[in-house]
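Report on the following structure.
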Amino acid sequence: MELSVKEKNTYDTISKVINGKLTRKEAMVTLKKSRQQIYRLINIYNVKGESGFIHGNRGKTPINKIKQTMIDELEKLYLTEYYDYNFEAFYDEVSENKKYKGKYDISYSSLYREFLNDDIISPIAHKETIKLYNETMNKAIENKKDIQEEKVELFQSRQITFEKAHTRKSSNMFGFGQEVQMDACEKKWFGEIVTYLHLAVDKGTKKVLFGWFEYEEITRGYFVLLFNMIINYGIPKRIKTDNRTTFSNQENKVDTTQFGVICKMLGIELITTSVATAKSNVERENKTFKDRLIAEFRHESITNIDEANRYLNEIFIPKMNKKFSYEIDPKTSKMKPNNYSEQELNLIISEKYTRIIDNASSVKYNNKYYTPVNPNTGEIICFMKKTECQFIVTYNAEYWCEIEDGYYKLIELENRDTTMKKEIDSDKPTKQIKYKPPVNHPWRKNMMLR
């Protein structure tokens with residue numbers, strides 16, 4: 001085995017010291033070694049000769065070297081099943097998923113390096129990385145090199161504009177519940193139908209408090225967020241949203257909207273803004289969810305909105321909170337405890353419309369008629385005509401009403417007469433009286449004149 005250039009230089013220098021052509025002090029300066037190291041090298045020269053200067057690990061496989069078979073398995077797994085995951089999300093999956101846990105003993109930096117060396121890049125890579133990647137792949141395709149089919153498919157899927165990730169920054173001045181930001185994001189999250197992801201994010205801890213999918217950005221979606229946030233965490237001090245009509249009217253008054261009235265009842269300050277950066281936490285979470293959630297839905301074969309809502313709140317949000325959010329500090333928390341029952345919250349977090357009881361003791365809503373019943377016994381309760389009624393549509397789409405400080409459940413009437421008819425004796429025929437105009441009626445006057 002031949003000496004390397006550095007080893008050859010060390011051997012020649014020690015040889016000159018042995019032959020008296022160089023002093024030990026000069027050798028120390030030349031080789032930049034201590035006196036003791038020079039003595040050790042002289043001893044090696046005398047005992048082993050030239051072979052003693054060859055490094056001991058030359059030609060040996062390092063103990064901690066990553067096996068190429070493992071890299072090949074990981075690359076195949078990524079290209080076939082997790083191609084739309086970013087590298088960090090993919091590493092989390094193979095590290096924490098019970099299916100793969102303990103199977104791949106590799107660090108994230110090694111995985112990242114090996115993937116880049118084999119022309120595999122993340123879907124959220126930086127622009128410079130994408131530029132170099134495109135140049136390499138285009139040259140390989142032009143030169144008709146033998147490229148793995150999966151890599152070609154990956155290259156084609158990466159030909160889109162990438163957005164740079166936001167920097168996560170702590171807001172230690174805000175306590176938990178001091179400000180909760182709400183927003184909805186439109187996307188093809190699962191399947192081919194566009195849906196809206198409603199999110200509630202705490203500014204102080206970066207914790208996602210709840211998420212909900214709807215086919216439109218509607219008030220009910222925000223009702224679901226508010227209800228579950230209060231049940232799970234408590235009542236926040238402030239909620240910040242955009243200026244959509246759910247939260248403010250044309251004159252930018254929040255206390256006249258259904259959501260604003262509910263916040264006032266619960267003691268929550270509602271703030272609206274048209275500036276996206278003013279609610280940057282929820283905007284940033286929307287970006288993070290786009291990068292990760294769509295890929296997970298595809299991998300889990302989720303195409304149903306009910307399955308999506310279950311996976312979102314039971315699996316995905318807890319996983320994201322564990323990874324990205326801060327711990328709740330009880331000392332600085334501004335979240336007020338919830339003293340309402342679920343039934344009480346169900347009636348508070350609702351849409352309310354003023355209606356009038358008609359002569360059939362029923363109210364009309366969306367061209368249908370409903371009558372109040374006792375929620376405990378199911379007995380129909382009758383009220384006087386023209387009694388004022390608050391028609392309530394709860395957050396979970398139940399119909400209730402508030403009449404004279406009492407709450408009643410509403411049931412739909414299938415058959416309803418337009419007027420209430422008086423009962424009469426069918427055996428006695430009714431006598432029809434012929435109408436006779438009075439003497440001063442215009443018709444009679446004209447006839448007399450003629």
Side-chain angles (χ1 to χ4, degrees), residues 85-98 100-102 107-109 124 165-185 197-213 222 224-241 263 266-271 273 276-293 295-296 309-340 342 345:
Y85 278 51
N86 62 57
F87 288 167
E88 192 173 351
F90 173 66
Y91 181 75
D92 290 345
E93 189 70 20
V94 296
S95 302
E96 299 170 7
N97 195 322
K98 292 179 181 178
Y100 309 112
K101 203 165 185 179
S107 66
Y108 173 72
S109 58
I124 57 170
H166 294 288
T167 311
R168 193 169 71 96
K169 192 176 180 181
S170 173
S171 300
N172 293 325
M173 293 179 66
F174 283 81
F176 177 62
Q178 188 170 346
E179 180 178 298
V180 173
Q181 299 174 5
M182 289 184 177
D183 196 19
C185 181
L197 172 60
H198 299 70
L199 283 181
V201 182
D202 177 63
K203 182 177 177 66
T205 61
K206 311 295 184 292
K207 194 179 291 292
V208 180
L209 305 181
F210 204 75
W212 191 254
F213 284 105
Y222 293 103
V224 175
L225 293 185
L226 183 60
F227 181 91
N228 286 277
M229 175 178 61
I230 292 174
I231 290 294
N232 295 328
Y233 297 98
I235 302 172
K237 183 179 179 181
R238 179 195 303 161
I239 291 177
K240 184 180 281 187
T241 64
C263 287
L266 295 170
I268 302 171
E269 180 188 4
L270 179 61
I271 297 175
T273 176
T277 52
K279 47 185 181 64
S280 56
N281 298 98
V282 69
E283 298 287 353
R284 191 176 295 120
E285 288 299 333
N286 283 334
K287 173 66 169 64
T288 305
F289 277 44
K290 285 178 186 176
D291 292 339
R292 290 172 174 253
L293 185 57
E296 290 200 19
N309 280 320
R310 182 198 60 78
Y311 185 88
L312 173 68
N313 290 291
E314 293 181 10
I315 299 172
F316 188 78
I317 288 179
K319 183 168 63 175
M320 291 296 100
N321 284 341
K322 186 178 179 181
K323 186 171 183 64
F324 295 114
S325 70
Y326 301 104
E327 292 293 327
I328 298 172
D329 186 356
K331 296 178 182 178
T332 59
S333 177
K334 305 294 182 183
M335 193 74 79
K336 294 180 287 185
N338 170 39
N339 297 320
Y340 297 100
E342 289 193 18
L345 275 178

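Below, all heavy atoms of this structure are taken into account, side chains as well, without hydrogens, waters or symmetry copies. Here the structure is a predicted model, which is why all the values come from computation and not from measurement.
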If I compare all heavy atoms of Pro236 with all of Val180, which pair ends up nearest, and what's the gap? CB-CG2, 3.7 Å
Any donor and acceptor pair, going by atom type alone, linking the side chain of Gln181 with main-chain N or O of Val282 inside 3.5 Å? yes
Could you tell me the separation between the CG atom of Leu293 and the CG atom of Asn286, rounded to the nearest 0.5 Å? 11.0 Å
Rounded distance (nearest 0.5 Å) linking atom OH of Tyr233 with atom NZ of Lys207: 5.5 Å
Ile239 to Cys263 - nearest heavy-atom pair and separation: CD1-SG, 4.4 Å
Are the side chain of Lys336 and the backbone of Gly267 linked by a donor-acceptor contact shorter than 3.5 Å? yes
Should the pair Lys279-Glu283 be classified as a salt bridge under the 4.0 Å nitrogen-to-oxygen rule? yes
From Ile317 CD1 over to Tyr311 OH, what is the distance, rounded to the nearest 0.5 angstrom? 11.5 Å
CG of Leu226 to CE of Met182, rounded to nearest 0.5 Å, is 5.0 Å
If we ignore hydrogens and angles and just use 3.5 Å, is the side chain of Asn313 paired with the main-chain N or O of Gly211 as donor and acceptor? yes
Glu342 side chain near Leu345 side chain, heavy-atom distance below 4.5 Å: no
Report yes or no: does Glu179 contribute a side-chain atom to a donor-acceptor pair with the main-chain N or O of Lys203 at less than 3.5 Å? no
Return the minimal non-hydrogen interatomic distance between Gly177 and Lys334, and the atom names on each side. C-CB, 4.1 Å
To the nearest 0.5 Å, what is the distance between CZ (Arg284) and CG (Asn281)? 6.0 Å
Would you indicate whether the side-chain heavy atoms of Phe87 and Tyr108 approach each other to under 4.5 Å? yes
For Tyr85 and Asp92, what are the C-alpha separation, side-chain angles and deciding distance, and is it a side-chain contact (heavy atoms from CB on, under 4.5 Å)? CA-CA 10 Å; Tyr85 278 51; Asp92 290 345; over 6 Å; no
Passes side-chain contact (heavy atoms from CB on, under 4.5 Å), Lys319 versus Arg292? Steps please. CA-CA 11 Å; Lys319 183 168 63 175; Arg292 290 172 174 253; over 6 Å; no
Is a side-chain N or O of Asn321 found less than 3.5 angstrom from the main chain of Val208, in a donor-acceptor match? yes
Tell me, do Glu96 and Lys323 make a side-chain contact under 4.5 Å, heavy atoms counted? no
Is the side chain of Asn309 donor-acceptor paired with the backbone N or O of Trp212 at a distance under 3.5 Å, no angle test? no
Taking all atoms of both residues into account, what is the closest heavy-atom pair of Glu285 and Leu199, and its distance? CB-CD1, 4.2 Å
Rounded distance (nearest 0.5 Å) linking atom CZ of Phe174 with atom NZ of Lys237: 10.0 Å
Between Phe324 and Thr288 the two heavy atoms that sit nearest each other are CE1-CG2, 4.4 Å
side-chain contact (heavy atoms from CB on, under 4.5 Å) between Leu197 and Leu312: does it pass, once the steps are laid out? CA-CA 10 Å; Leu197 172 60; Leu312 173 68; 3.6 Å; yes
Might you point out which heavy atoms bring Leu225 and Ala200 nearest each other, and give the distance in Å? CD1-N, 4.0 Å
Check Tyr222, Phe213, Phe289 against His198 for a ring pair (Phe, Tyr, Trp, His ring centres under 6.0 Å) and give me the one that passes. Tyr222
For the side chain of Asn86 and the backbone of Ala89, is there at least one donor-acceptor N/O pair under 3.5 Å apart? yes
